[in-house]
Amino acid sequence: MNFTQFLTEAKEGKNLHLEHIEDEVLNRGVVGAREAINFLQSLRDMLAGHAQSRVNVTTKWDGAPAVFCGINPENGKFFVGTKGVFNATPKLNYTEADIDANHPSEGLNAKLKVALRYLPKLGIKGVLQGDMMFAKGDIDKQVIDGVSYITFQPNTIVYAVPADSKLARMMLDAHMGIVFHTSYTGKTMADMKSSFNIDIGHLTQTKDVWFRDASFTDASGTVTFTAEETVQLTSLLSQAGRTFQNINSLNLNRISNSETILTYIKTFNNTKVREGRAIRDTRAHTFELNRWVESRLNKDIADAKKEETKQKRVKEKTEIMRFFHNASNDLRMIFDLQNDLVLAKNMIVGKLQSMRQVTNTFIRTDDGFKVTNPEGFVAVDRLKGNAVKLIDRLEFAHANFNAAKNWSK
């Protein structure tokens, strides 16, 4: 399998953003749709035990902030930072004074100072990216369903570890916890390329930092589909293939080639995710999308201060709405295709979730805690080191938008 195109990045070669596999239909048109189907077919074969896979599945930890750290190859100095380390003017923090200048926000400022103080002890040679899970003081003690846990909540998910375990003692002793998932190599910060196949075995162990990689026991040969499940997944992918063949390729590629149209469709679809609503009636969804886009365009026209700007926006509206009206049938089929891919993906995610994780995971509610699955998984090509995100969006993304979050720390 070639996963190269599945890594959608904000900058060339940098792991700044991974896309959901079903959105590749919108992002990359005909090529994205074809590769999404082929990719899921390969995962099906792997989980059915029919293939020696070059895919490694890792757990997607719901940490924050994202931390970049290591040695700047241009000057040999250790730095920490966020995604800004790859800016045109990089925000590299070598000292606490740098952090104060680049990141004055109180919460992020404190977290980066902890990272700067303790991560050099790991002896990092290159550059690593990870998700910070906790700093000392973030860990609480909770009794959930009669079991005593230590807990920490870096973002949406509450991670819980039995209080009497060795892992809990290690975390309590540490000044911070981090999960590394990406490494970078290059002669300069600007030309660095990312790899998801990382090796942290050479890092120095220290009680001050609890760290691990995001590795998950290989799905191949460990978690497998039954014959009935394999047939069901094959049927979904066959349906996806038939739908794909009936979509006008010009309209499909028009979406990926127009940033405006692409953004409108993805933004509208995400409103459904926020509401926790699956797109079941794709004909009604397409009709509602057209009305929503027209409403947004009308508002832009009304907001124009100059007559010249108003006329320009009227012209843009005419062009954009011509596409949405003429392509309505194809849009419906595109959403049908995405639904088939989502159902297939969620079967794979559900099978992976059946394995026991390193920690228990919960969502904080107004009256306590509710058991939840991990955020999701990332499938990594062992040879190329590229990746695609596998997440049940209705479960996690809806929770991410709406869960009670512990931002006080």
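Scope of the values below: all heavy atoms of this structure, side chains included, with no hydrogens, waters or symmetry mates.
Using a 4.5 Å cut-off on side-chain heavy atoms (C-beta onward), I21 and E35 make no contact. Contact of the F79 side chain with the N93 side chain is not registered, since no non-hydrogen atoms from C-beta on lie closer than 4.5 Å. You'll find the side chain of L343 stays beyond 4.5 Å of the side chain of N346, heavy atoms only. Two residues are said to be in side-chain contact when any heavy atoms from C-beta on lie closer than 4.5 Å; V161 and Y149 fail this criterion. Between I71 and V127 the shortest side-chain heavy-atom distance does not fall below 4.5 Å. Between L297 and R313 the shortest side-chain heavy-atom distance does not fall below 4.5 Å. Within the 4.5 Å cutoff, side-chain heavy atoms of M189 are placed close to those of V85. Looking at heavy atoms from C-beta onward, T82 lies out of side-chain contact with K91 at the 4.5 angstrom threshold.
Using a 30° and 60° split on the angle between ring planes, H285 and F335 fall in the perpendicular class, above 60°.
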(request) Before giving the answer on salt bridge (Lys or Arg N to Asp or Glu O under 4.0 Å), spell out for D303 and K299 the whole-Å C-alpha distance, their side-chain angles and the decisive distance to 0.1 Å. (result) CA-CA 6 Å; D303 289 344; K299 184 179 184 305; 2.8 Å; yes
(request) Test salt bridge (Lys or Arg N to Asp or Glu O under 4.0 Å) on R322 and E316 and set out the steps. (result) CA-CA 10 Å; R322 181 183 296 117; E316 290 172 349; over 6 Å; no
(request) Applying side-chain contact (heavy atoms from CB on, under 4.5 Å), run through I178 and V67 and close with a yes or a no. (result) CA-CA 9 Å; I178 187 168; V67 174; 4.2 Å; yes
(request) In sequence, state the C-alpha distance, the side-chain angles, and the governing distance for S295 and N298, and then conclude on side chain to side chain donor-acceptor pair (under 3.5 Å). (result) CA-CA 5 Å; S295 176; N298 285 339; over 6 Å; no
(message) If you apply the rule salt bridge (Lys or Arg N to Asp or Glu O under 4.0 Å), what do you find for D336 with R242, and how did you get there?
(response) CA-CA 11 Å; D336 285 336; R242 289 192 293 272; over 6 Å; no
(request) Determine, step by step, whether L341 and L40 satisfy the side-chain contact (heavy atoms from CB on, under 4.5 Å) criterion, reporting the C-alpha distance in whole Å, the side-chain angles of both residues, the deciding distance to 0.1 Å, and the verdict. (result) CA-CA 8 Å; L341 295 177; L40 289 172; 3.7 Å; yes
(request) Begin from the C-alpha positions of T309 and K305 and carry the test side-chain contact (heavy atoms from CB on, under 4.5 Å) through to its verdict. (result) CA-CA 7 Å; T309 303; K305 303 299 183 184; over 6 Å; no
(request) Please report the C-alpha distance between R277 and E275 in whole Å, then the side-chain angles of each, then the deciding distance to 0.1 Å, and finally whether the salt bridge (Lys or Arg N to Asp or Glu O under 4.0 Å) criterion is met. (result) CA-CA 5 Å; R277 291 170 52 193; E275 297 167 0; 2.8 Å; yes
(message) Please evaluate residues D98 and L92 with respect to the criterion side-chain contact (heavy atoms from CB on, under 4.5 Å), reporting the C-alpha separation (whole Å), side-chain torsions for both, the decisive distance (0.1 Å), and the verdict.
(response) CA-CA 8 Å; D98 291 336; L92 300 171; over 6 Å; no
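Between E288 and K272, at least one side-chain nitrogen of the basic residue sits less than 4.0 Å from a carboxylate oxygen of the acidic one, meeting the salt-bridge criterion. Ion pair D100/K113 flagged as a salt bridge, since at least one NZ, NE, NH1 or NH2 atom sits closer than 4.0 Å to an Asp/Glu carboxylate oxygen.
Considering every non-hydrogen atom in both N155 and A64, the closest pair reads CB-CB, 4.4 Å. Across A344 and L237, no two heavy atoms sit closer than the pair CB-CD2, 3.9 Å. Nearest heavy atom pair, residue L252 against residue A33, reads CD2-CB, 4.4 Å. Between M133 and P154, the shortest heavy-atom distance links the atoms O-CB, 3.5 Å. P120 and A115 get closest at one heavy-atom pair: CD-O, 3.8 Å. Contact detail for L108 and H103: the closest heavy-atom pair is CD2-ND1, 3.7 Å.
No more than 12 heavy atoms of other residues, nucleotides or ligands sit less than 6.0 Å from atom CG of D145. More than 12 heavy atoms of other residues, nucleotides or ligands lie within 6.0 Å of CD in E307, so this atom counts as buried by the packing criterion.
Remark: the backbone N or O of P65 is not paired with any side-chain donor or acceptor of K111 at under 3.5 angstrom. Side-chain N or O atoms of D23 include none that pairs as donor or acceptor with a backbone N or O of L26 at under 3.5 Å. Between the side chain of N257 and the backbone N or O of R254, no donor-acceptor pair lies under 3.5 Å. Panel note: side chain Q311, backbone E308; no donor-acceptor pair is recorded below 3.5 Å. Put simply, the side chain of S235 never gets that close to the backbone of V231: no donor and acceptor are under 3.5 Å apart. D138 places a side-chain N or O within donor-acceptor distance of the main-chain N or O of A135, the cut-off being under 3.5 Å. Formation of a donor-acceptor pair under 3.5 Å by the S258 side chain with backbone atoms of I255 is not found in this model. Between the side chain of D62 and the backbone N or O of I157 there is at least one donor-acceptor pair closer than 3.5 Å.
Between D330 and N248, the side chains place no donor N or O within less than 3.5 Å of an acceptor N or O (distance only, hydrogens not considered). Between the side chains of N72 and Y94, a donor-acceptor pair is found at a separation under 3.5 Å. A side-chain N or O of E24 and one of N27 form a donor-acceptor pair less than 3.5 Å apart. Under the 3.5 Å distance criterion, with hydrogens and angles disregarded, no donor-acceptor pair is assigned to the side chains of Y159 and Q153. Judged purely by distance below 3.5 Å, without hydrogens or angles, the side chains of N339 and T282 never pair a donor atom with an acceptor atom. T234 and R44 share a donor-acceptor pair across their side chains, judged by distance under 3.5 Å alone.
How far OG1 of T267 is from CZ of R296: 6.5 Å, rounded to the nearest 0.5 Å. A distance of 5.0 Å separates CG in L119 from SG in C69, rounded to the nearest 0.5 Å. For the atom pair D131 CG and T182 OG1, the distance stands at 8.5 Å (nearest 0.5 Å). D199 CG to L128 CG: the interatomic distance, rounded to the nearest 0.5 Å, is 10.0 Å. The structure places CG of N329 at 8.5 Å from OG1 of T286, a figure rounded to the nearest 0.5 Å. Taking CD1 from I279 and CZ from R332, the interatomic distance works out to 14.0 Å, rounded to the nearest 0.5 Å.
Ring centers of Y264 and F323: at least 6.0 Å apart, outside the cut-off. Residues F86 and F68 place their aromatic rings such that the two centres sit under 6.0 Å apart.
D208 pairs in a side-chain contact (heavy atoms from CB on, under 4.5 Å) with only one of the listed residues (K121, R117, K136), which is K121.
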